[in-house]
Colleague: 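Before I ask anything, let me first share the structure, which is written out below as structure tokens.
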Amino acid sequence: MSSFNEDDAFEAAARPSLSQMAMASRPAPYLDGLNPAQREAVEALDGPVLMLAGAGTGKTKALTCRIAHLLNTGRARPNEILAVTFTNKAAREMKDRVAGLMGHAIEGMPWLGTFHSVCVRQLRRHAELAGLRSNFTILDTDDQIRLLKQLISAAGIDEKRWPARQLAGIIDGWKNRALTPGKVPGAEGAEFNGRATRLYADYQERLKTLNAVDFGDLLLHMVTIFQEHPDLLAQYQRWYRYILVDEYQDTNVAQYLWLRLLAQGHRNICCVGDDDQSIYGWRGAEVGNILRFEKDFPGAKVIRLEQNYRSTPHILAAASSVISANTGRLGKELWTDVAEGEKVRLIGHWDGEVEARWVGEEIEALHGGTSRYAKQRNNPRSKDIVQEFERLAKKGALGGVRTPEELYERFRTQNSPLKEFKTRKLMWDLTERWQNEEPLHPAFHRFSMEEIAILVRASHQMRAFEDRFLTIGLPYRVIGGPRFYERMEIRDAMAYFRVVTQPSDDLAFERIINTPKRGVGDKALQEIQIAARANGMSLLDGARIAVGEGLLKGKAKAGVAQLIADLDRWASLNVQQIRYPGVDDEDAVVEDVDYAPAEISHVELAEKILDESGYTAMWQNDKSPEAPGRLENLKELVKALEQFDNLAGFLEHVALIMDNESEEQGEKVTIMTLHAAKGLEFPVVFLPGWEEGLFPSQRSMDENGLKGLEEERRLAYVGITRAEELCTISFAANRRVYGQWQSQLASRFIDELDPEHVDVMTPSGLYGANAGFAAGGAGGGMSSFEDRAAKADVYNSPGWKRMQARAGQRGMRQPAESRHMVIDATATSAYTVGDRVFHKKFGYGEVIEIEGDKLTIEFDHSGPKKLVAGFVLPADQAGDVPF
DNA sequence: GTCAACACGTTTTTT
DNA sequence: ACGTGTTGAC
């Protein structure tokens with residue numbers, strides 16, 4: 001891979017082209033929309049810059065304008081800018097926004113990407129310097145664990161006492177700190193009977209023979225290569241004229257070293273971050289990196305972005321009062337010129353269930369425009385919305401949009417460009433208004449479900465909300481959970497593709513050898529492993545020998561023989577061409593492997609593989625609740641293949657782009673963890689579970705002491721600053737923790753909130769008794785709440801109406817005219833007792849009771865559940881309706 | 001080699 | 001409480 005003529009490329013890069021010089025004189029309209037601090041950050045192009053960008057201060061705007069400015073002034077060509085982010089999403093957004101600013105798609109910014117994708121690009125070019133071939137595979141956590149398991153048992157260590165997971169964690173930690181086996185401090189290698197370091201070394205050896213790397217290696221290998229090859233490093237240092245780093249507070253030691261090495265050339269490095277939002281210490285992030293920036297880069301310019309464009313003053317003040325309890329901050333104070341809004345609301349509840357119930361009710365109220373908050377006269381949003389629209393349109397803030405209808409179209413088709421101007425809210429009001437053809441009462445304010453989020457500390461808190469929302473028919477979406485490519489069926493399918501494209505991929509082969517069941521157990525697998533090791537060949541070839549020499553018997557023999565024959569046949573149909581990108585697009589390496597005429601497309605081949613292997617059939621015959629979903633996912637996987645040229649290209653992509661925001665459609669409330677919410681914003685935010693032990697997390701404090709506590713506090717800060725208009729913090733007096741009831745203490749973070757910016761909805765000490773009062777006079781304590789719920793006019797409940805809307809769309813039987821009439825419940829629910837139904841989460845079940853819009857369903861696998869009819873489907877319709 | 005009973009460990013998550 | 005992963009019986 002060393003055949004690139006680096007120096008020629010650098011020479012050419014050193015001189016700006018004519019077109020670049022012409023560009024330099026172009027006007028820079030993007031500078032106009034910036035505030036003074038942002039402008040300073042954009043224009044300070046040379047030398048080290050640290051941009052301290054608080055939450056909601058327009059850091060992405062500053063960052064993207066900076067890139068545009070670099071290009072526009074001819075300081076750098078697109079391929080001379082190294083811009084790194086942590087997530088693919090952030091990278092994509094940056095690319096899109098730069099393109100938007102430049103007015104055209106930017107061709108070739110090959111070095112804009114995540115740390116990992118940029119490192120893969122580098123490592124593919126210099127793989128041999130790490131003892132690898134350039135077509136190395138990238139293993140994910142699952143493969144990593146399985147490999148370590150083998151090594152642990154091979155070393156004769158009791159796997160029960162020393163689990164592979166733990167070793168993986170230790171090794172990851174070392175890699176995060178850029179420690180190769182040789183550099184691990186002796187004292188730290190004492191785990192695993194003193195053999196942790198040894199196992200680490202074995203693992204690295206094994207990876208090398210497998211021609212594979214794990215995620216941590218991507219950075220580690222590049223740091224090592226650059227440290228050992230100063231000449232190569234110098235080339236890259238010259239090549240990257242400008243370096244930009246997003247979320248700098250999240251960098252670990254390896255990333256820091258890598259950046260520092262590369263930045264030593266031109267020293268044009270701009271790091272953007274917020275020390276107050278460092279919440280990933282537990283996975284190796286070093287806040288120290290950002291705190292130390294000025295020492296690392298003497299003469300660095302530090303620019304603070306403190307004007308907040310997201311939240312109301314009370315929200316900012318409350319967040320600021322909490323975070324001020326932390327020590328060792330670089331210090332920032334966010335401010336806004338927005339008019340006064342609501343105070344942060346604080347409410348205590350009897351237990352987690354009441355809390356979830358209250359949040360559900362409150363969301364319905366905010367959505368329906370009947371919340372106490374919604375009627376606030378002071379609400380800046382209560383102004384006549386059309387006036388607001390006209391004002392913005394006149395100001396040109398809506399980008400040429402003239403009519404509300406146009407805005408609506410724009411909103412639907414391209415969400416983001418208009419977002420800055422808070423058009424989402426406006427949009428919602430306008431749509432409501434057109435639909436109803438009646439003027440909205442200016443004192444009422446409604447929120448779309450999309451504008452509401454519930455942010456929790458730990459994912460197990462989500463359950464109470466899901467349960468409650470299911471019963472009241474409140475549509476929700478959970479962010480997090482297993483990602484698409486991490487799902488079992490997807491990984492299985494991909495393992496098949498991996499073996500077909502790379503027959504030497506032992507880990508993949510091991511995964512599929514008995515999936516579906518082929519009668520191959522430990523014994524048979526061991527025979528194959530022995531045969532492979534004895535001959536120094538791959539497992540697949542070892543299996544050939546094992547079959548040929550009769551080492552396998554009966555079922556196993558037949559199964560493996562069949563699999564081998566299948567794999568050979570599929571491989572012969574596979575077209576392989578892998579393209580490894582270079583520094584520039586011209587020097588990409590294209591590798592042809594067994595180029596066979598394409599008789600069938602790779603998509604057809606994939607279907608064939610899944611079909612003929614019996615894998616599809618395996619799930620079709622599976623009666624578990626997840627089976628239909630899994631088949632659905634497989635279909636999706638095959639569809640995703642269409643966007644690639646061949647299987648190999650697809651696999652290369654998937655290893656790094658593990659995101660699957662399969663954008664569920666429809667108005668839904670979002671439930672997610674505080675960590676997942678970083679970088680996002682919502683008009684309405686609920687922050688439940690602020691209790692000692694849960695938040696701040698006991699474990700965090702136990703394991704990391706004050707450091708842990710401060711990170712939790714930053715998490716609280718992140719949570720509050722997600723809210724644009726309304727932020728509600730809550731806690732429960734009692735909570736069931738691991739099946740055990742515990743009485744809880746309100747979080748210390750609650751005490752740290754400045755009372756001046758908090759609206760306390762619970763008189764202290766009376767959590768439970770006042771839950772109803774707190775809900776805005778809706779009920780009055782628990783018993784009266786139950787009472788009210790029992791008498792509630794279900795046919796007028798929001799959940800019922802939504803269910804009707806959904807049923808109508810699906811062409812289900814419509815109920816009789818209903819508003820206040822009492823009607824036969826069985827006629828209105830479209831279900832009868834005994835019907836078989838399907839629920840996305842609980843699977844198949846049988847209706848055993850019907851009360852209005854609520855069905856009690858005995859699920860085959862999850863037992864009885866009571867939920868709104870709109871959330872289930874007749875069993876025979878399962879699989880074809882998106883939830 | 002496959003299935004049911006039990007022990008275990010439960011924060012946060014990207015690539 | 002609950003799901004996962006390992007142990008033991010067939």
Side-chain angles (χ1 to χ4, degrees), chain A residues 84-91 113-120 138-141 144-145 149 158-161 163-166 169 172 175-176 213-220 247 250-252 254-255 278-285 352 455-464 467 479-483 485-486 488 514 517-525 553-556 559 626 653-660 672-679 689 693-704 708 711-712 714-716 718-719 735-741 861-863:
Chain A
V84 280
T85 63
F86 275 86
T87 64
N88 289 301
K89 198 174 155 203
T114 62
F115 276 97
H116 291 87
S117 66
V118 168
C119 282
V120 170
I138 302 162
L139 303 185
D140 58 30
T141 336
Q144 206 183 335
I145 301 279
K149 260 188 185 154
D158 181 15
E159 222 211 287
K160 304 285 156 316
R161 257 166 62 87
R165 288 209 158 276
Q166 195 187 332
D172 261 1
K175 287 186 177 176
N176 284 338
V213 298
D214 63 21
F215 284 119
D217 279 339
L218 295 173
L219 261 302
L220 180 63
E247 306 278 17
D250 287 340
T251 49
N252 61 35
Q255 287 156 339
S278 162
I279 55 174
Y280 285 109
W282 50 273
R283 67 179 199 207
L455 311 181
V456 298
R457 175 62 182 82
S459 48
H460 61 76
Q461 287 172 266
M462 294 177 179
R463 191 193 198 104
D467 279 356
I479 306 284
R483 276 168 294 284
Y485 292 113
E486 277 168 13
M488 191 206 310
N514 200 31
K517 301 265 186 295
R518 294 191 176 87
V520 184
D522 287 346
K523 200 98 177 282
L525 184 57
K553 296 181 184 65
K555 246 185 175 177
E626 301 89 27
H653 180 84
V654 161
L656 284 175
I657 316 288
M658 295 279 273
D659 68 345
N660 153 59
M672 62 177 138
T673 62
L674 287 161
H675 284 91
K678 195 169 88 157
L694 179 57
F695 189 40
S697 143
Q698 191 58 50
R699 193 158 158 182
S700 181
M701 292 185 293
D702 289 348
E703 286 174 9
N704 299 303
E711 181 154 314
E712 295 286 305
R714 291 193 290 268
L715 206 43
V718 167
R735 196 175 287 276
R736 210 162 27 188
V737 184
Y738 304 134
Q740 214 79 41
W741 278 102
H861 294 266
S862 338

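Below, all heavy atoms of this structure are taken into account, side chains as well, without hydrogens, waters or symmetry copies.
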Colleague: Which residues pass the side-chain hydrogen bond (donor to acceptor under 3.5 Å, both in side chains) test with A:Asn514, sequence neighbours left out?
Modeller: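 Testing A:Asn514 for side-chain hydrogen bond (donor to acceptor under 3.5 Å, both in side chains), a comparison that skips the adjacent residues, returns none.
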Colleague: Taking only nitrogen or oxygen atoms into account, show me every contact under 3.5 Å that the protein makes with nucleotides 12-14 of chain B, one pair per line with its distance.
Modeller:
from: B:dT12; atom 1: OP1; to: A:Ser459; atom 2: N; distance (Å): 2.7
from: B:dT12; atom 1: OP1; to: A:Ser459; atom 2: OG; distance (Å): 2.3
from: B:dT12; atom 1: O4'; to: A:Arg457; atom 2: NH1; distance (Å): 3.2
from: B:dT12; atom 1: O2; to: A:Trp282; atom 2: NE1; distance (Å): 3.3
from: B:dT12; atom 1: O2; to: A:Arg457; atom 2: NH2; distance (Å): 3.1
from: B:dT13; atom 1: OP1; to: A:Thr673; atom 2: OG1; distance (Å): 2.6
from: B:dT14; atom 1: OP2; to: A:Arg483; atom 2: NH1; distance (Å): 2.3
from: B:dT14; atom 1: OP2; to: A:Arg483; atom 2: NH2; distance (Å): 2.7
from: B:dT14; atom 1: O4'; to: A:Arg283; atom 2: NH1; distance (Å): 3.4

Colleague: Using whole Å, report how far NZ of A:Lys678 lies from P of B:dT15.
Modeller: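 Distance, rounded to whole Å: 12 Å.
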Colleague: Going by the rule side-chain hydrogen bond (donor to acceptor under 3.5 Å, both in side chains), which residues pair with A:Ser117 if we only count those two or more places apart in sequence or in a different chain?
Modeller: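 Once residues adjacent in sequence are excluded, the partners of A:Ser117 under the side-chain hydrogen bond (donor to acceptor under 3.5 Å, both in side chains) criterion are A:Thr114.
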Colleague: Output the rounded distance in Å from CG (A:Leu139) to C1' (B:dT15).
Modeller: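 Nearest whole value for this atom pair: 13 Å.
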Colleague: Take atom CG of A:Leu218 and atom P of B:dT15, then tell me their distance rounded to the nearest Å.
Modeller: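 To the nearest whole Å, that distance equals 13 Å.
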Colleague: Mind checking what makes salt bridge (Lys or Arg N to Asp or Glu O under 4.0 Å) contact with A:Glu247, not counting sequence neighbours?
Modeller: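 Result, salt bridge (Lys or Arg N to Asp or Glu O under 4.0 Å) vs A:Glu247: A:Lys59, A:Lys678.
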Colleague: Just jot down the side-chain contact (heavy atoms from CB on, under 4.5 Å) partners of A:Lys149, sequence neighbours excluded, or say none.
Modeller: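 A:Lys149 satisfies side-chain contact (heavy atoms from CB on, under 4.5 Å) with A:Glu159, A:Ala164 once adjacent residues are dropped.
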Colleague: Identify, with sequence neighbours excluded, every residue that meets salt bridge (Lys or Arg N to Asp or Glu O under 4.0 Å) alongside A:Asp172.
Modeller: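 For A:Asp172 there are no salt bridge (Lys or Arg N to Asp or Glu O under 4.0 Å) partners, ignoring immediate neighbours.
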Colleague: Residues in side-chain contact (heavy atoms from CB on, under 4.5 Å) with A:Asp217, at least two apart?
Modeller: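 So A:Asp217 forms a side-chain contact (heavy atoms from CB on, under 4.5 Å) with A:Lys175, A:Gln204, A:Leu207, A:Val213, A:Asp214, A:Leu220, A:His221.
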Colleague: Please write out the pairs of protein N or O atoms and N or O atoms of nucleotides 1-5 of chain B separated by less than 3.5 Å, giving the distance to one decimal.
Modeller:
from: B:dG1; atom 1: OP1; to: A:Gly521; atom 2: N; distance (Å): 3.0

Colleague: Does A:Glu712 have any side-chain hydrogen bond (donor to acceptor under 3.5 Å, both in side chains) partners at least two apart in sequence or in another chain, and if so, which?
Modeller: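 Applying side-chain hydrogen bond (donor to acceptor under 3.5 Å, both in side chains) to A:Glu712 gives A:Arg457, A:Ser700.
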Colleague: Would you say that A:Val456 contacts A:Met672 through its side chain, given a criterion of any heavy-atom pair below 4.5 Å between the two side chains?
Modeller: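 Contact flag for A:Val456/A:Met672 side chains = no.
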Colleague: Who passes side-chain hydrogen bond (donor to acceptor under 3.5 Å, both in side chains) against A:Arg735, sequence neighbours left out?
Modeller: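 Counting only residues at least two positions away or on another chain, A:Arg735 forms a side-chain hydrogen bond (donor to acceptor under 3.5 Å, both in side chains) with A:Glu355, A:Glu691.
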Colleague: How does each nucleotide of nucleotides 1-6 of chain C score, in 5' to 3' order, for protein heavy atoms under 4.0 Å: base (B), sugar-phosphate only (S), or none (-)?
Modeller: BS---S
Colleague: Please list, chain by chain and in numerical order, all residues satisfying ring-ring contact (aromatic ring centres under 6.0 Å, His included) with A:Phe695, sequence neighbours excluded.
Modeller: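 With neighbours one apart ignored, the set is A:Trp690, A:Phe749.
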